[in-house]
Visitor: 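The structure under discussion is supplied below as structure tokens; questions concerning it will follow.
Because the structure is predicted, anything quoted here is derived from the model rather than measured. Order of listing sets the numbers, starting from 1, for every ligand and every atom in it. Residues: numbered from 1 along the sequence shown.
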Amino acid sequence: MSSVSIFWHRRDLRIDDNRGLAAARQSGLPVVGFFCFDRNILDRLPTLDRRVGFIHHHIERLTEAYAEQGGHLMTVHARPLDGLKAAIAALSARGLEVTEIHTNRDYAPYPVQRDAEIAAFAAESGIAFHLHEDHVILPPEAVLKDDGTPYTVFTPYSRKWHRVLESFGGAPLETVDTLSEGSWASVPPEALPLPSLESMGFDGASGDPDGWDAFSHPLEDGIIREYADQRDTPSKRGTTRMSLHLRFGTRSIRELAQRGMAHSDKWLTELIWREFYQAILHHFPHSASDAFRAKYDRIPWRQDEEGFAAWCEGRTGYPLVDAGMRELNATGFMHNRVRMVVASFLCKHLLIDWRWGERYFAEKLLDYELASNVGGWQWASGSGCDAAPYFRVFNPESQMKKFDPKGTYVKHWVPEWGSSAYAAPVVEHKFARQRAIDTYKAALTEA
Ligand SMILES: Cc1cc2nc3c(=O)[nH]c(=O)nc-3n(C[C@H](O)[C@H](O)[C@H](O)COP(=O)(O)OP(=O)(O)OC[C@H]3O[C@@H](n4cnc5c(N)ncnc54)[C@H](O)[C@@H]3O)c2cc1C
């Protein structure tokens, strides 16, 4: 038996600038790639799922990239530990013994629990299990207050983020040449080949690239340079649409952060918000399901199924809210400004639990990411760290006047707007605003 190392891709679907893969190759053992379509996650999804299609499409490309380099990517559809055992057995049958597993660290609650299980199995089996940092520039433990506790407010976190980066001489921003050292294990392509979408129970149409068209534009420097001026206009392509690529690692955060450094502090700050929310979820895992600030769980949310259905379907009678929800339902994307408006509308105007909205976004957003989604929702409901104060209630009409003054975005998504066919408002703004303020105030000031 000769020793090999497995590199396990999870949310880093690329070879270029992949820190964990580079480390695996530098460890001196020949490397074989591995990916698991995780049944713990996939079994709960509908049969037509564009995120699974996106992943499948990129695993196909990754498999080709491995083959072009003389390597092989094994792919399974299984629960992670079972899949890993299957890969180890398939290699063993070819005279290859797995003595190391390398992978990039993920900071959210489920991956942390999964990796603990894998680490225990590896320890029992005499396999070295190595976690590397790749998804963020600075991992959650690297940016702490001077007393060692996590930040809960963005601005001081962001200042410290810059100071820590400087203290490392900028090294965390450096891209790595993944292939400069090491070798691939000699594994034939028939060893655990990529399963089809259909064989995993998904509609083949999930893999149609038109499904993620909203995220398919090239990242031009011009967009980053003009970001500060254009980012709040939902009718324009003024934001970069990198969220899906950052979610699944089809683009490297280091490449993007370097471009932010070169062209736009404002855009770099958004990338730091992403790291802030990852750190918050990591340090405060309860915030995935409970209010970050516990007293906000006292709010008596309305169980308004009808209002929720109107919100989901984009027929609240508030044009900017309806346009956003229809954009989401049609494309799997929604502009950030509009995400803020629709989220505030659900929590404040309809007084519906932010968790209902968070779940709906989780189903529909192609760029769905637990940390940023929970962060965005708890910000809008007022219950999160560094959140909007509860008495600040966005007026959806004024937001539209400010950010879509000619109604260009609204007309695109709500063509019947302005005609008698358009829905009447589900709730009156002044009434809803006061109801929200009164309800929040009463709940938060309870003894
Ligand atoms: C209620 C709500 C829910 C959200 N849910 C998600 C989600 O599930 N997944 C997600 O990636 N983002 C989420 N966001 C943040 C933000 O809306 C999206 O990241 C952004 O709209 C993606 O478009 P873009 O790639 O063009 O972003 P750009 O404006 O070009 O920003 C570049 C990158 O910075 C990051 N970023 C930007 N804004 C934020 C932010 N406020 N918080 C965290 N990261 C940010 C993203 O990775 C984004 O791709 C949510 C925001 C709100 C208000």
Visitor: Is a salt bridge present between Asp367 and Arg241, judged by a nitrogen-to-oxygen distance below 4.0 Å?
Guide: no
Visitor: Phe54 and ring pair (Phe, Tyr, Trp, His ring centres under 6.0 Å): which partner among Phe202, Tyr368, Phe215, Trp212?
Guide: Trp212
Visitor: For ligand 1, which of its N or O atoms have a protein N or O partner closer than 3.5 Å, and how long is each gap?
Guide:
residue	atom	partner	partner atom	Å
ligand 1	5 (N)	Asn373	OD1	2.9
ligand 1	8 (O)	Glu369	N	3.0
ligand 1	9 (N)	Asp367	O	2.9
ligand 1	17 (O)	Asn336	OD1	2.7
ligand 1	17 (O)	Arg339	NE	3.4
ligand 1	25 (O)	Arg241	N	3.3
ligand 1	25 (O)	Met242	N	2.9
ligand 1	25 (O)	Ser243	N	3.0
ligand 1	25 (O)	Ser243	OG	3.4
ligand 1	26 (O)	Thr239	OG1	2.7
ligand 1	26 (O)	Thr240	N	3.2
ligand 1	26 (O)	Arg241	N	2.6
ligand 1	29 (O)	Tyr227	OH	2.5
ligand 1	30 (O)	Thr240	N	2.9
ligand 1	30 (O)	Thr240	OG1	2.6
ligand 1	30 (O)	Trp267	NE1	3.1
ligand 1	38 (N)	Glu270	OE1	3.0
ligand 1	49 (O)	Ser243	N	3.0

Visitor: Centres of the Tyr360 and Trp356 rings: under 6.0 Å?
Guide: no
Visitor: Flag yes if more than 12 heavy atoms outside Arg302 fall under 6.0 Å of its CZ atom; otherwise flag no.
Guide: yes
Visitor: Grab the two heavy atoms, one from Phe129 and one from Asp115, that are nearest each other, plus how far apart they are.
Guide: CE2-O, 3.7 Å
Visitor: Checking Tyr409 against Glu327: is there a side-chain donor and acceptor pair closer than 3.5 Å?
Guide: yes
